[in-house]
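Atoms within each ligand, like the ligands themselves, are counted from 1 in listed order. Note that the coordinates shown come from a computational prediction; the quantities given were computed from them, not determined experimentally.
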Amino acid sequence: MNPFYITGIVPEPFFCDREKETCWLVQTLENKANVLLTSPRRMGKTQLIRHVYAQPSIKDNYFTFYIDIYPTTSLQELVLFMGKEIYSSLVSKGKTFIDRFLSCLRSLTGSFSYDPASGLPAFNVKLGDVQSPELTLQEIFKYLEQAGKPCIFAIDEFQQIARYPEKNVEALLRSYVQQMSNCQFIYAGSNRHILENMFLSPAKPFYNSAEQMYLDRIPKDVYVDFAIRRFEDAGRILTSEAANLAYDLFEGHTYYVHNLLHNAFAYLDPHAAVCEQDILKTLSDLLDEKDHAFSAIMNRINYQQKETIVAIAKEGKAVGVTSVAFVKRHALKSPSSVQYAISSLLDAQLLTYETAGRVKIFSVADRFFEKWIIQKY
Ligand SMILES: Nc1ncnc2c1ncn2[C@@H]1O[C@H](COP(=O)(O)OP(=O)(O)OP(=O)(O)O)[C@@H](O)[C@H]1O
Ligand SMILES: [Mg+2]
């Protein structure tokens, strides 16, 4: 069995580190504070939340809920996602819990049916059934307040609510959250800029309403040690140089390092020690595998976007992208064309950026794509 999980929930012995973060999160939630959790994409937010939920002091004492609202574009969908999540978490707890929940959802009463086999009501509510989302939302919050156990509700990709066409969603949610004494919220997301703006500007409804955590890479010594041990447990050898190289190739960006080692574990000769050469070969195979998908992206974007993303990939972390120097260095058309291309590439989530003071540092969002571009162009 491959100890480097790249899909699903990473179970305990294969979950690496995050000890400090887990401890802080558990304590903060137990102290009844809400949390804003941000990180670059694929650094490990979702896994961390799942890991926190699996801690005995949380698992035994709380109802925990988790939704990823990235696909949602309206309050109606948010309400549906919340309702479905609560229902499906309660199913295993039995009829009493489900009945309690459904009896709160008066606005949806007509939409439940009973499964004759189990005798349990089925939550087959459709989007169109949520006709008064504000009312249903109120009922959901009412339920959370009297669920019978304290609750923790994580809403991942929370910045999405800023895009809903309904103008008052932030204020509406905030007004409910503020009144809750039985439910803590974890707001998570990778769009640090939008999220911080929601929580740090005094004019915004969520201002100052959550404790903040920024999730960074796992420290190198910890990850390298973890990786070597996972090979050892399987009776195999990963050399320290190879583990260090895997980490450095992606500067410790969790998912990419992990995926690389997943493939190394899966495809290399189990009887030979894995050394640096093998890691490079694994990476090159991995990029070959993705060749078709990456080519399709390049095929879809226009020339200006292409030359801009290539320039940024080559710099790795690009600053001053609309300066004359940057434009000259990469033989681009003009600062304004770069600016335009960048804004559409950000929208398409092909680029990402972090800020250091007032400086924006751009990079290619998918680190494999970045490596592929460098190789091809
Ligand atoms: N602590 C960990 N131990 C082992 N693997 C991890 C850990 N954290 C993250 N991973 C690996 O990285 C992958 C991405 O993690 P996760 O989905 O939690 O990131 P994310 O920050 O939520 O990403 P996104 O922004 O795309 O939602 C996981 O599928 C897993 O392979
Ligand atoms: Mg996630």
So, does E145 use its side chain to make a donor-acceptor pair with the main chain of N182 at under 3.5 Å? yes
May I ask you to check if any N/O/S atom from Q47 comes under 2.8 Å of the Mg ion (ligand 2)? no
Element-labelled atoms of ligand 1 that are located less than 4.0 Å from some non-hydrogen atom of Y5: 30 (C), 31 (O)
Nearest non-hydrogen protein atom to atom 6 (C) of ligand 1, with distance, is T254 CG2, 3.8 Å
Among non-hydrogen protein atoms, atom 3 (N) of ligand 1 lies closest to C16 N, 2.8 Å
Which residue and atom name correspond to the protein heavy atom nearest atom 18 (O) of ligand 1, and how close is it? Q47 N, 2.8 Å
Can an N or O of D156 be found at a distance shorter than 3.5 Å from an N or O of ligand 1? no
As an exercise, identify every atom of ligand 1 less than 4.0 angstrom from a heavy atom of R42. 19 (O), 20 (P), 21 (O), 23 (O), 24 (P), 25 (O), 26 (O)
Going by the order shown, which atoms of ligand 1 are within less than 4.0 Å of some heavy atom of R41? 24 (P), 25 (O), 26 (O)
Under-4.0 Å heavy-atom contact with ligand 1, by part of F4 that carries it: neither
Between Y70 and F81, does the ring centre distance come in under 6.0 Å? no
Will you find, in the side chains of Y5 and H262, an N or O donor that is under 3.5 Å from an N or O acceptor? no
Using a strict cut-off of less than 4.0 Å between a Lys/Arg side-chain nitrogen and an Asp/Glu carboxylate oxygen, indicate whether D278 and K281 qualify as a salt bridge. no
Between Q178 and S209, is there a side-chain donor-acceptor contact under 3.5 Å, judged purely by atom types and distance? no
Please state whether F14 comes within less than 4.0 angstrom of ligand 1, counting heavy atoms only. yes
Do the charged groups of K317 and E354 touch, with an N to O distance under 4.0 Å? yes
Atom 15 (O) of ligand 1: closest protein heavy atom, distance to 0.1 Å, is G44 CA, 3.6 Å
Charged N to carboxylate O below 4.0 Å: is that the case for K142 and E139? no
Give the residue, atom name and distance (to 0.1 Å) of the protein heavy atom nearest atom 13 (C) of ligand 1. Y255 CD1, 3.6 Å
Given R217, R18, H258, K45, which one has a non-hydrogen atom that is nearest to atom 21 (O) of ligand 1? K45
Any N or O of T7 closer than 3.5 Å to N or O of ligand 1: no
Heavy atoms only, cut-off 4.0 Å: how does E157 contact ligand 1, side chain, backbone, both, or neither? side chain
Under a 3.5 Å distance rule, please check whether N263 uses its side chain to pair with a backbone N or O of T282 as donor and acceptor. no
Taking both backbone and side-chain atoms of M43, is any N or O found less than 3.5 Å from an N or O belonging to ligand 1? yes
The remaining residues in the hydrophobic cluster of V359, counting side-chain heavy-atom contacts under 4.5 Å among Ile, Leu, Val, Met, Phe, Trp and Tyr, are V319, I361
Polar side-chain atom of N244 near backbone of S240 as donor-acceptor pair, under 3.5 Å: yes
Would you say D17 touches ligand 1, if touching means a heavy atom closer than 4.0 Å? no
Provide, to 0.1 Å, the distance between atom 17 (O) of ligand 1 and the closest protein heavy atom, together with that atom's residue and name. T46 CB, 3.9 Å
K376/D291 ion pair, N-O < 4.0 Å: yes
